[in-house]
Amino acid sequence: MNYIFKIIIFILLLCIINSCSKKENNSSTSIVEKIYNIEDITSDGNSITWVPVFTNNGIHYPVFLYNHNDEVINGIIEDEIYKIDNNYEITLKSIIDFEVKYIDENYISILFSGYPSNEEHVYSETILWPVMIDIENGSILTLNDIVSIDDSFIELSIKELEYYFAEIEIDLYEYYSKEEIKKLLLNTDRWEDNTIPDVRSYFTKDKIFINFNTPRVLDEFTYIEFSMDSIKKKIVI
C-alpha cells in the first residue's frame with residue numbers, strides 16, 4: 001500500500017512540475033514583443049497582423065508579424081522607405097504616415113503619404129507613395145499585374161482624365177497627347193533608371209486608384225479611380 005501511495009504522489013508531483021513549466025513557456029515574451037508594444041498589433045480580421053513603427057526621420061511604417069513571408073514583406077517595405085528617404089528631403093520635421101488600403105492572405109496595398117520639409121522646416125511637395133505586394137511571391141505589384149492595360153482600358157482612363165480636366169476647366173491635351181497617356185499607363189509603377197514613376201497606383205477592396213504626377217500648374221497629383229465592379233473583366237489577380 002505504501003508503495004502504491006508513493007507512486008501516486010510521484011505522478012502528482014510530475015503533473016505539477018509539467019503544469020508550471022507550461023505556464024512559464026506561455027508567459028515568456030518573444031523578442032518581437034520586447035521590441036514593439038504588442039498592444040499596438042493590428043489585425044484586419046484575416047489573421048494578418050502588423051505593428052506601426054517610426055524611423056528615426058519621421059517616416060511611419062508597418063512591420064508585419066506572425067504572417068507568411070513576413071521577412072520578405074518587411075524587406076520590401078524597408079526598401080521603399082529607403083527610396084522615400086533618398087528621393088525627398090526627409091528630416092525630423094517631416095510627416096510621412098501610412099495607411100493599409102487593402103490586405104488579405106495574398107496581397108497588401110499600402111499608401112504612404114505626407115510632407116517632406118526643407119532645412120527651414122517649411123513643408124513643400126506632397127508625397128503619395130503606394131506599395132502593392134504579392135505576399136506569396138514576395139514581390140512588388142504594378143498596375144499591369146492587377147488589371148489588363150489593353151486599348152479599352154486605356155480609352156476608359158483617357159475618358160476619366162478628360163472628365164477630370166474638364167471639371168477644372170483645363171484642356172487635357174495642352175499637357176498630354178493620347179499617345180503619351182498610353183505610354184504613362186503602360187509604365188505605371190515601373191521604375192526606370194532609378195526614377196520615380198510618373199504614374200503610381202494602389203487598390204482598396206472596392207476601387208483602383210491611379211495617380212498622375214502632373215505639372216504644378218495643375219496641382220501636384222491628378223488621380224482617376226475605377227470601381228472593381230466596373231472593370232471586373234480587366235482584373236487579372
Side-chain angles (χ1 to χ4, degrees), residues 42-50 52 59-65 67-88 96-114 127-154 156-157 160-161 181-213 221-237:
T42 303
S43 174
D44 72 316
N46 288 312
S47 301
I48 308 294
T49 54
W50 69 88
I59 302 176
H60 198 189
Y61 69 100
V63 171
F64 286 82
L65 310 172
N67 310 299
H68 174 60
N69 238 0
D70 275 346
E71 186 175 347
V72 175
I73 295 168
N74 291 328
I76 289 172
I77 292 172
E78 287 173 9
D79 287 345
E80 293 301 306
I81 296 300
Y82 178 80
K83 288 178 184 177
I84 294 173
D85 203 10
N86 276 272
N87 281 279
Y88 294 93
I96 313 296
D97 208 342
F98 76 91
E99 185 177 352
V100 178
K101 292 291 187 177
Y102 180 83
I103 188 167
D104 64 14
E105 291 84 355
N106 302 305
Y107 305 107
I108 301 171
S109 175
I110 303 170
L111 180 64
F112 293 93
S113 61
I127 294 175
L128 286 179
W129 193 285
V131 181
M132 302 180 293
I133 301 172
D134 181 327
I135 295 175
E136 183 62 36
N137 293 318
S139 59
I140 287 184
L141 297 168
T142 67
L143 180 63
N144 200 41
D145 296 316
I146 301 165
V147 299
S148 175
I149 307 177
D150 56 15
D151 288 342
S152 61
F153 181 80
I154 290 169
L156 283 173
S157 299
E160 288 297 316
L161 282 170
I181 295 170
K182 178 179 179 179
K183 185 177 179 181
L184 286 170
L185 287 168
L186 289 170
N187 288 293
T188 299
D189 303 311
R190 296 184 183 278
W191 285 72
E192 292 183 7
D193 300 323
N194 294 319
T195 302
I196 300 174
D198 287 320
V199 184
R200 311 289 297 272
S201 68
Y202 65 92
F203 61 94
T204 65
K205 180 180 179 181
D206 305 311
K207 294 182 178 181
I208 291 177
F209 295 84
I210 304 173
N211 293 309
F212 291 76
N213 189 6
F221 295 98
T222 295
Y223 78 90
I224 57 176
E225 62 181 77
F226 296 102
S227 70
M228 293 292 192
D229 286 340
S230 70
I231 56 169
K232 59 185 176 183
K233 291 183 178 180
K234 306 289 184 188
I235 305 296
V236 294
I237 60 172

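Distance CZ/Phe64 to CD1/Ile108: 4.0 Å, rounded to 0.5 Å. Atom CD1 in Ile149 sits 6.5 Å away from atom OG1 in Thr142 (nearest 0.5 Å). Here CG of Asn106 is found 9.0 Å from CD1 of Ile237. Values are rounded to the nearest 0.5 Å. Atoms CD1 and CD1, on Ile77 and Ile59 in that order, are 12.5 Å from each other to the nearest 0.5 Å. Considering CD1 of Ile140 and CD1 of Ile133, their distance stands at 6.5 Å, rounded to 0.5 Å. To the nearest 0.5 angstrom, Trp129 atom CH2 is 13.0 Å from Asn211 atom CG.
Counting heavy atoms from C-beta on, the side chains of Leu128 and Arg200 never come closer than 4.5 Å. Put simply, the side chain of Ile127 reaches to within 4.5 Å of the side chain of Ile84, judged on heavy atoms.
The side-chain contact (heavy atoms from CB on, under 4.5 Å) search around Asn194 returns none, not counting sequence neighbours. Applying the side chain to side chain donor-acceptor pair (under 3.5 Å) criterion to Asn74, with sequence neighbours excluded, gives no partner residue. Applying the side chain to side chain donor-acceptor pair (under 3.5 Å) test to Asp97 and every residue at least two apart in sequence or in another chain returns His60. Scored by the side chain to side chain donor-acceptor pair (under 3.5 Å) test, Ser227 finds Ser230 as partners (sequence neighbours excluded). With sequence neighbours excluded, no residue satisfies side chain to side chain donor-acceptor pair (under 3.5 Å) with Glu78.
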For Glu80 and Ile110, what are the C-alpha separation, side-chain angles and deciding distance, and is it a side-chain contact (heavy atoms from CB on, under 4.5 Å)? CA-CA 11 Å; Glu80 293 301 306; Ile110 303 170; over 6 Å; no

Start with the C-alpha distance between Leu143 and Ile208, add both sets of side-chain angles, then the distance that settles side-chain contact (heavy atoms from CB on, under 4.5 Å), and finish with yes or no. CA-CA 9 Å; Leu143 180 63; Ile208 291 177; 4.0 Å; yes

Go through it in stages, so that I can follow the logic: the residues are Met132 and Tyr107, the test is side-chain contact (heavy atoms from CB on, under 4.5 Å), and I'd like the CA-CA distance, side-chain angles, deciding distance and then a yes or no. CA-CA 7 Å; Met132 302 180 293; Tyr107 305 107; over 6 Å; no

Evaluation steps, side-chain contact (heavy atoms from CB on, under 4.5 Å), between Ile181 and Leu161: CA-CA 9 Å; Ile181 295 170; Leu161 282 170; 3.8 Å; yes

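Side-chain atoms of Ser148 never come within 3.5 Å of backbone atoms of Asn144 as a donor-acceptor pair (strictly under, hydrogens ignored). Side-chain N or O atoms of Asp189 include one that pairs as donor or acceptor with a backbone N or O of Ser201 at under 3.5 Å. Side-chain atoms of Asn69 never come within 3.5 Å of backbone atoms of Val72 as a donor-acceptor pair (strictly under, hydrogens ignored).
Here the shortest heavy-atom pairing between Ile135 and Asp104 reads CD1-O, 3.3 Å. Heavy-atom minimum distance, Asn187 versus Glu192: OD1-OE2, 3.5 Å. Closest approach of Tyr102 and Phe203 over heavy atoms only: CD2-CE1, 3.3 Å. Phe226 and Ile231 get closest at one heavy-atom pair: CB-CD1, 3.8 Å. Contact record, Leu185 with Ser157: CD1-CB, 3.5 Å, taken as the closest heavy-atom pair.
Heavy-atom neighbours of Lys83 NZ from other residues, nucleotides or ligands within 6.0 Å: above the threshold of 12.
Taking the six-membered ring for Trp and the full ring otherwise, the centers of Tyr61 and Phe98 sit at least 6.0 Å from each other.
For residues 222-237, the pairs satisfying salt bridge (Lys or Arg N to Asp or Glu O under 4.0 Å) are Asp150-Lys234, Lys207-Glu225, with sequence neighbours left out.
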